[in-house]
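Encoded as C-alpha cells, the structure appears first; notes follow it.
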Amino acid sequence: MRINVIFLLFFLFSCSEEYTPKPRGFFKLELPNKNYQTFNEDCPFTFQYPSYSMLKKDHNTLLTNNCYMNIDFLALQGTLFVTYLPVSDNLREHIDQSMDLAYKHDLKADAISEQIFVNHEKKVYALLYDYEGVTATAIQFYITDSSSHFFRGSFYFNTEITDSILPLNLFIKEDVKYLIESFNWKNI
C-alpha cells in the first residue's frame, strides 16, 4: 500500500505545467495556377475551362445530344456537371427546372445570391446561383441565347462539405465565372 501512495503522489506532482491542447489544424492548400483552355468541339458553343481540370464528354446519355459533359477538378475533389439542351418553345420550362434544382439547397444554405451576366453582342444571358454556407453544391448556373439554346452547370464537391472547404469553394467560383464570361454561341 505504501508503494501505491508513493506512485500516486509522484504522478500528481510530477507535472507542473498545465496542459493546453493544440487548436484544430487544417490542411495546407496548394492551389494550381489559373490557366485556361478552350472547349471547341462538335457542340453549338465554346467556352474556356481550367487547364488543371479534365473534361469528359458523357457518351452514355440516352438522348441524341452528345453535348453533356463533366469537368472534373481532380486535385480539388469536385466536378462541374454540364448539360446542353436545344430550345424549342420550352425555354421557360428549362429556366424553371434550373431554378427548382438550384433552390433545393435553400434549407442548408445560409444564403443564395443570384448574379446576372448579360452580353447582348454575343447573345449570352446567364444567371449564376452562388451559395453561402455548408451545402452540397457550391455554385449553379444557366446560360441561354433566349431563343434556341440552353446550357446548365452545377458544381459538386466529391468530399464531405465543411467550413474548411471554403478556400476551394472560392477558387472554383472564380473558374465558373470565367467560364460564363468566356462563353460563346456558334453561328449566332
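Heavy-atom basis, side chains included; hydrogens, waters and symmetry copies ignored.
Of all the heavy atoms in Ser147 and Val87, the pair that sits closest is O-CG1, 3.5 Å. The two atoms that bring Lys173 and Ala138 nearest to each other are CE-O, 3.4 Å, heavy atoms only. Closest approach of Gln48 to Tyr178, counting heavy atoms only: OE1-OH, 3.0 Å. Closest non-hydrogen pair, Gln140 versus Ser154, comes out as CG-CB, 3.5 Å.
Side-chain contact annotation: Glu114 with Tyr129, donor-acceptor N/O pair under 3.5 Å absent.
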Step-by-step side-chain contact (heavy atoms from CB on, under 4.5 Å) determination, Asn119 to Glu181: CA-CA 9 Å; Asn119 187 328; Glu181 291 170 349; over 6 Å; no
Candidate pair Cys67 and His149, rule side-chain contact (heavy atoms from CB on, under 4.5 Å), full reasoning: CA-CA 12 Å; Cys67 294; His149 305 289; over 6 Å; no
Pair Leu179-Phe141, side-chain contact (heavy atoms from CB on, under 4.5 Å): steps then yes or no: CA-CA 11 Å; Leu179 182 150; Phe141 65 94; 4.1 Å; yes
Audit row: Arg152, Gln97, side-chain contact (heavy atoms from CB on, under 4.5 Å) steps and yes/no: CA-CA 10 Å; Arg152 183 177 189 290; Gln97 183 183 28; over 6 Å; no
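Atoms CD1 and CD1, on Ile143 and Ile180 in that order, are 5.0 Å from each other to the nearest 0.5 Å. The CZ atom of Phe117 sits 11.5 Å away from the NZ atom of Lys122 when rounded to the nearest 0.5 Å. Here OH of Tyr36 is found 13.0 Å from OH of Tyr49. Values are rounded to the nearest 0.5 Å. To the nearest 0.5 Å, the span separating CD on Glu132 from CD1 on Ile112 amounts to 10.0 Å. In this structure, Leu168 CG and Gln77 CD are separated by 8.0 Å, a value rounded to the nearest 0.5 Å. The line from CG of Leu85 to OH of Tyr68 is 4.5 Å long, rounded to the nearest 0.5 Å.
Side chain of Asp145 to backbone of Ser148: a donor-acceptor contact under 3.5 angstrom is found. One N or O on the side chain of Trp185 and one on the backbone of Lys123 form a donor-acceptor pair closer than 3.5 Å. A donor-acceptor contact shorter than 3.5 Å is absent between the side chain of Lys186 and the backbone of Asp42.
Partners of Thr144 by side-chain hydrogen bond (donor to acceptor under 3.5 Å, both in side chains), not counting sequence neighbours: none found. Judged as a side-chain hydrogen bond (donor to acceptor under 3.5 Å, both in side chains), and not counting sequence neighbours, Ser53 has no contacts. With sequence neighbours excluded, no residue forms a side-chain hydrogen bond (donor to acceptor under 3.5 Å, both in side chains) with Asn70.
Look at Lys104 and Asp100 and you find no salt bridge, because none of the NZ, NE, NH1 or NH2 atoms lies under 4.0 Å from a carboxylate O.
Met54 and Leu80 sit in two unconnected hydrophobic clusters of ILVMFWY residues. Membership requires side-chain heavy atoms under 4.5 Å apart, directly or through other members. Side-chain heavy atoms closer than 4.5 Å link hydrophobic residues (I, L, V, M, F, W, Y) into clusters, and following such links, even through other members, never connects Met69 to Phe81. Criterion: ILVMFWY side-chain heavy atoms under 4.5 Å apart, direct or through other members. Under it, Leu101 and Leu127 are not part of a common hydrophobic cluster.
Of the residues Phe150, Tyr125, Phe151, the one that meets the ring pair (Phe, Tyr, Trp, His ring centres under 6.0 Å) test with Tyr142 is Phe150.
The aromatic rings of Phe183 and Phe45 lie parallel to each other, their planes meeting at an angle below 30°, with 60° marking the opposite boundary. Phe171 and Tyr52 have tilted rings, their planes meeting at an angle from 30° to 60° on a 0 to 90° scale. By the 30° and 60° cut-offs, the orientation of the rings of Phe157 relative to Phe155 is perpendicular.
Using a 4.5 Å cut-off on side-chain heavy atoms (C-beta onward), Leu31 and Leu76 make contact. Asp96 places a side-chain heavy atom less than 4.5 Å from the side chain of Arg92. Here the side chains of Asp130 and Gln115 are not in contact, with every heavy-atom distance at 4.5 Å or above. Using a 4.5 Å cut-off on side-chain heavy atoms (C-beta onward), Phe47 and Ile71 make contact.
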